[in-house]
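Accompanying notes for the structure given below.
Everything quoted here is computed from the prediction, not taken from an experiment.
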Amino acid sequence: MKRIIIDREKCDGCLNCNIACISAHEEGSNFYTVNMQSPEAETRNFIKFDAQKGYLPIFCRHCDEPECVLSCMSGALEKDPLTGHVQYDESKCAACYMCVMNCPYGVLKPDKQTRTKVIKCDFCDDKPDGPSCVKACPKKAIEVKEVSQ
């Protein structure tokens with residue numbers, strides 16, 4: 001099964017992955033027109049900075065046994081048996097944020113605009129070329145690799 005793998009040593013905090021993510025999920029947006037300060041700009045990944053460790057890219061791990069799915073009472077989060085990716089159905093979401101509270105990696109978050117849905121990586125499953133963040137990383141710190149369960 002394929003996962004996004006991060007080499008933190010290579011990340012220089014350029015935010016190209018964030019911009020690519022926003023661009024991939026906002027209609028009519030492209031890499032050059034993204035306004036990172038806009039409340040509509042919702043990135044499904046993010047970069048933290050730690051003085052000791054440097055830049056820490058945070059991405060959904062699509063866990064083998066995802067706590068977010070186990071804690072989702074409305075059925076909005078499910079693990080796809082074929083891809084192993086955690087899928088989110090916004091129409092089923094009750095906005096209780098149990099998934100946000102139970103993600104051990106702190107990846108899921110409420111949307112900034114309405115606080116009625118969850119923002120999480122969808123692995124760009126609808127994109128034939130794969131995750132936009134991977135293509136946008138100039139340092140190749142983000143890769144898609146086949147991993148065993």
**OP:** Just jot down the salt bridge (charged side-chain N to carboxylate O under 4.0 Å, His left out) partners of Glu143, sequence neighbours excluded, or say none.
**Re:** Lys145

**OP:** Measure the shortest side-chain to side-chain distance between Arg44 and Cys60 over non-hydrogen atoms and say whether it is less than 4.5 angstrom.
**Re:** no

Original post:
Between Asp64 and Arg3, is the closest basic N to carboxylate O distance under 4.0 Å?
Top reply: yes

Original post:
Phe46: what forms a ring pair (Phe, Tyr, Trp, His ring centres under 6.0 Å) with it, not counting sequence neighbours?
Top reply: none

**OP:** Using the side-chain contact (heavy atoms from CB on, under 4.5 Å) rule, pick out the option among Val107, Ile5, Asn45 that qualifies with Phe59.
**Re:** Asn45

Original post:
Within 45° of the ring axis of Tyr105 and under 6.0 Å from its six-membered ring centre, is that where the NZ or CZ of Arg61 lies?
Top reply: yes

**OP:** Indicate yes or no for a side-chain donor-acceptor contact from Asp111 to the backbone of Thr116 under 3.5 Å, with no hydrogens or angles considered.
**Re:** yes

Original post:
Mind checking whether Cys17 and Ile47 have side chains closer than 4.5 Å, heavy atoms only?
Top reply: yes

**OP:** Return yes if some donor-acceptor pair links the side-chain N/O of Lys139 with the main-chain N/O of Gly13 below 3.5 Å, else return no.
**Re:** no

**OP:** Please name the pair of heavy atoms, one in Ser132 and one in Lys127, separated by the smallest distance, quoted to 0.1 Å.
**Re:** OG-CE, 4.3 Å

Subject >> Within-4.5 Å side-chain heavy-atom neighbours: Arg8 and Pro57 >> reply: yes

Subject >> Pairwise side-chain contact, Cys137 with Asn16, heavy-atom cut-off 4.5 Å (strictly under) >> reply: no

**OP:** Find out whether Met101 and Ser71 are in side-chain contact, i.e. whether some heavy atom of one side chain is under 4.5 Å from a heavy atom of the other.
**Re:** no

**OP:** Decide yes or no for Phe123 and His62: does some side-chain heavy atom of the first lie under 4.5 Å from some side-chain heavy atom of the second?
**Re:** yes

Original post:
Judged by modelled atom types alone, do His85 and Asp125 share a side-chain donor-acceptor pair under 3.5 Å?
Top reply: yes

